[in-house]
Amino acid sequence: MPFLTALVILFVALGIVNLLLTFGVVRRLREHTRVLERLVRAGGTHGPPEFTDLPRAGDAVGAFTATTVDGEPVSADRLPGRTVAVFLAPECGSCRDKVPAIAAWAGDSDREQVLVVLDGQVTDPADMVRALGPVARVVVEREGTPVADAFHVRSFPAFCVVERGRVTEVGVDFSRLPAPARA
């Protein structure tokens, strides 16, 4: 009988420890939810300091030169008055999921004002180029990330709206892409 009593006490103690750990996890999840909600409300810009993988509104776009898949030169000083730059990586599942919506959005836009930057260092982005090439200027970065670095983007997917060389809007929620600029 003392053995059963000890066993019951052990299981009760384990149950209490499990319950305390569960409360700790729930509290931590609520904290993370609050942080993520603040980031989404801010449009991906002025989030907590730990979110440093995106530029902030007002940041200047650094100097860069690149060539689109169509052979067209692109540089910071050659961006039209207002440009939406979209940053994607083919190995990113979320990026791939967004391609049809981005293509539909860009199809209603002036092609010159949409720049898509694909990180092609790990995975070949040929299918993304086929989907986005007709509706946007597409740059594939195969060695380094000079264009993404110039925009201060280090996570994918993301978009930046640039006017006169400065970032005016940043986001990770592609449902918040600005209204298309008509050709």
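Every value quoted in this text rests on a predicted model; they were computed, and no experiment measured them.
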Exercise. Go through Gln121 and Thr145 one step at a time and tell me if the side chain to side chain contact (heavy atoms under 4.5 Å, CB included) criterion holds.
Key: CA-CA 9 Å; Gln121 297 180 95; Thr145 55; 3.3 Å; yes

Quiz item: Going through the checks in order, is the side chain to side chain contact (heavy atoms under 4.5 Å, CB included) test met by His152 and Cys160?
Solution: CA-CA 10 Å; His152 312 289; Cys160 300; over 6 Å; no

Exercise. Would you please test Val117 and Leu88 for side chain to side chain contact (heavy atoms under 4.5 Å, CB included) and show each step?
Key: CA-CA 6 Å; Val117 181; Leu88 305 170; over 6 Å; no

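Using a 4.5 Å heavy-atom threshold, the side chains of Leu79 and Leu115 count as touching. For the pair Thr65 and Val74, the minimum side-chain heavy-atom distance is 4.5 Å or more. Contact check for Phe64 versus Asp149: no side-chain heavy atoms found under the 4.5 Å cut-off. Side-chain atoms of Glu141 and Val147, non-hydrogen and from C-beta on, do get closer than 4.5 Å to each other. Contact of the Val114 side chain with the Val135 side chain is not registered, since no non-hydrogen atoms from C-beta on lie closer than 4.5 Å. Counting heavy atoms from C-beta on, the side chains of Val162 and Val84 never come closer than 4.5 Å.
Taking CZ of Arg176 as the reference point, atom CZ of Phe159 lies at 7.0 Å (rounded to 0.5 Å). Residue Leu177 holds its CG atom at 11.5 Å from CG of Asp108, rounded to the nearest 0.5 Å. Summarising the geometry, atom CG belonging to Leu118 is positioned 9.0 Å from atom CZ belonging to Arg142; distances are rounded to the nearest 0.5 Å. In this structure, Asp110 CG and Gln113 CD are separated by 4.5 Å, a value rounded to the nearest 0.5 Å. From Cys95, atom SG reaches atom CZ of Phe156 across 7.5 Å, with rounding to the nearest 0.5 Å. For the atom pair Asp59 CG and Leu54 CG, the distance stands at 10.5 Å (nearest 0.5 Å).
Within the 6.0 Å centre-distance limit, the rings of Phe151 and Phe87 are counted as a close aromatic pair.
Residue-environment remark: CD (Glu143) stays at or below the threshold of 12 foreign heavy atoms within 6.0 Å.
Here the closest heavy-atom approach between residue Lys98 and residue Pro157 is recorded as CE-CG, 3.7 Å. In terms of heavy atoms, Arg82 sits closest to Pro178 at NH2-CB, 2.8 Å. In terms of heavy-atom proximity, Pro80 sits nearest to Glu112 at CG-O, 3.2 Å. Closest non-hydrogen pair, Gly120 versus Val140, comes out as CA-CG1, 4.1 Å. For the pair Ala63 and Ala76, the tightest heavy-atom approach, listed with the atom from each and the gap, is CA-CB, 4.2 Å. Closest of all the heavy-atom pairs between Val116 and Ala136 is CG2-CB, 3.7 Å.
In the hydrophobic clustering of ILVMFWY residues, with side-chain heavy atoms under 4.5 Å counting as a link, Ile16 and Phe11 come out apart. Note on Leu21: it does not cluster hydrophobically with Leu29, by side-chain heavy-atom contacts below 4.5 Å among ILVMFWY residues.
Taking 4.0 Å as the cut-off between side-chain N and carboxylate O, Arg111 and Asp70 count as a salt-bridged pair. Salt-bridge formation is detected for the pair Asp127/Arg96: a Lys NZ or Arg NE/NH1/NH2 atom is positioned less than 4.0 Å from an Asp or Glu carboxylate oxygen. In summary, Asp119 and Arg154 do not engage in a salt bridge, as defined by a charged side-chain N under 4.0 Å from a carboxylate O.
Looking only at distances, a side-chain donor or acceptor of Thr68 sits under 3.5 Å from a matching main-chain atom of Glu72.
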